[in-house]
Number of protein chains: 2
Amino acid sequence: MKHESHALSDEKAVDIFKALSNQTRLGILHMLKDPETNFSAQAHVIKEEDFEGGVCVSDIHKKTGTSQSTTSQYLSILLQSGLVETKRIGQWTYYRRNEETIKQLEQYLQFKL
Amino acid sequence: MKHESHALSDEKAVDIFKALSNQTRLGILHMLKDPETNFSAQAHVIKEEDFEGGVCVSDIHKKTGTSQSTTSQYLSILLQSGLVETKRIGQWTYYRRNEETIKQLEQYLQFKL
DNA sequence: TCGATATATCGGTAATTAACGATATATGAT
DNA sequence: ATCATATATCGTTAATTACCGATATATCGA
C-alpha cells in the first residue's frame, strides 16, 4: 500500500521557493529531468544499482559552471528542500529529482497559493 | 480577441520564486485570494471603480505584522515579479493578485520544471 | 598501505535581502 | 493655504546568500 502524499506547509513551501530562487539550482533541476540527453553516455548511472535517473556530483559539476564546492552545496540545498534525493554508490553520490515533492509543489500552487 | 499568455522564461521564474521566498509575502498573496473574508467590510474596495478584489496598502499593512514601509516594499516586490497588479484610486493604492501570472507559474511547474 | 578520485565541509569575502524609522510625495478635506 | 491621511522612497544595520579555495573524509585500485 502506497502512502498518501500530504500537503506542503507554508514553511516548507517557502524553503522550496528559496531553493528554486537561483538560476544554477533551477538549471540542475532542469538537467536532471532528462539525464540521458543532458549527461554523457559514460556517466556513472548504474542501472543494476536501482537508482535510475541518478547522476553523480562531478557530472553535474561539469555542467553548472560553478566550483565543485558550490555544486555540492547547491545539491545539499536542493536535498534539504526535498526537491532531489540521493544515494551513495561506491565513491559516487548520485542525485536525482524527487518527483513526489515536485508534485506536491504543483498541488500547492494550484490549491493553496 | 484575447492575447495568449506566453510561457515564463527561466529568469522570470527565478524572480517569481524569489518573491515567494518569504513568509510575509506569501501570506499577502494568500490573503488577497479571498479579500472578502480576510479584510474588514469597510475596506475601500470600490466596485464602481473596476478593480474588484483590490485591497489598499494600509489594510494589508494591518495584517502583516511588519512596518508600513516594509509592507509597501514587499508589495512592490510582488508587483515587479508580476504576481500582483495595482491601481491608484484617489489617495489609495489597491493591490490584487494577478491570476494570469499565477497561472503561468503553474504551467511552468507542470511543463518546464 | 599508498595514491588517486569523488564528495563534503570549513572559513572566508562580497553581494543581496530583511526590516526598520524617518522623510518625501500625493491626494483629499477644510 | 493648511492639515490629515496614504503610500513610496531613503538611509541604515543585521542577517542571509553566493560563491570561492583549501582541506577533510570516504572509497577504490594497485
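Order of the sequence lines fixes the chain letters, A, B, ..., with proteins taken first and strands second; residue numbering starts at 1 for each chain. Predicted model only: the values in this text are computed from it and were never measured. When reading the values below, keep in mind they use all heavy atoms of this one structure, side chains included, and skip hydrogens, waters and symmetry mates.
Using a 4.0 Å heavy-atom distance criterion, Thr66(B) is classed as a sugar-phosphate-only contact. The residue Thr93(B) sits close only to the backbone: its heavy atoms come under 4.0 Å of sugar-phosphate atoms, none of a base.
At distances below 3.5 Å, not a single donor-acceptor pair connects side-chain atoms of Arg96(A) with backbone N or O atoms of Lys87(A).
Judged by distance alone with a 3.5 Å cut-off, no donor-acceptor contact links the side chain of Gln68(A) to the base of dA6(C).
OP1 or OP2 of dT7(C) sits under 4.0 Å from a side-chain N or O of Ser58(A). At the phosphate of dT7(C), neither OP1 nor OP2 sits under 4.0 Å from any side-chain N or O atom of Ser72(A). Distances shown here put every side-chain N or O of Tyr74(A) at or beyond 4.0 Å from the OP1 or OP2 atom of dA8(C). Look at Ser69(B) and you won't find any side-chain N or O under 4.0 angstrom from OP1 or OP2 of dG21(C). The side chain of Arg25(A) contributes an N or O atom lying less than 4.0 Å from OP1 or OP2 of dA18(D). Between Tyr95(B) and dA8(D) there is a side-chain N or O to OP1 or OP2 distance below 4.0 Å.
The interatomic distance linking Ile89(A) (CD1) with dC28(D) (C1') rounds to 15 Å, in whole Å. Per the geometry, CZ belonging to Arg88(A) stands 11 Å off C1' belonging to dC28(D), to the nearest Å. When rounded to the nearest whole Å, the span between CZ of Phe17(B) and P of dT17(C) equals 16 Å. Per the geometry, CD belonging to Gln23(A) stands 12 Å off P belonging to dA18(D), to the nearest Å. In this structure, Gln73(B) places its CD atom 13 Å from P of dG11(D), rounding to the nearest Å. Computed from coordinates, the Gln80(A) CD to dT9(C) P distance equals 10 Å when rounded to whole Å. The CD1-C1' distance, from Ile28(A) to dC19(D), rounds to 13 Å in whole Å. We find that CG of Leu79(B) is positioned 13 Å from C1' of dT7(D), with the value rounded to whole Å.
Side chains of Thr64(B) and Thr71(B): a donor-acceptor N/O pair is present below 3.5 angstrom, by distance only. With 3.5 Å as the limit, one finds a donor-acceptor pair spanning the side chains of Ser21(A) and Ser21(B).
If Leu75(A) and Thr71(B) are placed on DNA chain C by their nearest nucleotide, the residue sitting closer to the 5' end is Leu75(A). Mapping Asn22(A) and Gln91(A) onto DNA chain D by nearest heavy atom places Asn22(A) closer to the 5' end of the strand.
For Lys18(A), counting side-chain heavy atoms from C-beta on, the closest listed nucleotide (dC20(C), dT17(D), dC20(D)) is dT17(D). Of all nucleotides listed (dA18(D), dT7(D), dC20(D)), dC20(D) comes nearest to the side chain of Ser67(A).
The only option from Ile28(B), Asn98(B), Leu32(B), Ile16(B) that meets the side-chain contact (heavy atoms from CB on, under 4.5 Å) definition with Leu83(B) turns out to be Ile16(B).
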Walk me through whether Ile102(A) and Glu99(A) qualify under side-chain contact (heavy atoms from CB on, under 4.5 Å). CA-CA 5 Å; Ile102(A) 292 168; Glu99(A) 300 294 348; 3.9 Å; yes
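Side-chain contact between Leu20(A) and Leu113(B) is present, with at least one heavy-atom pair separated by less than 4.5 Å.
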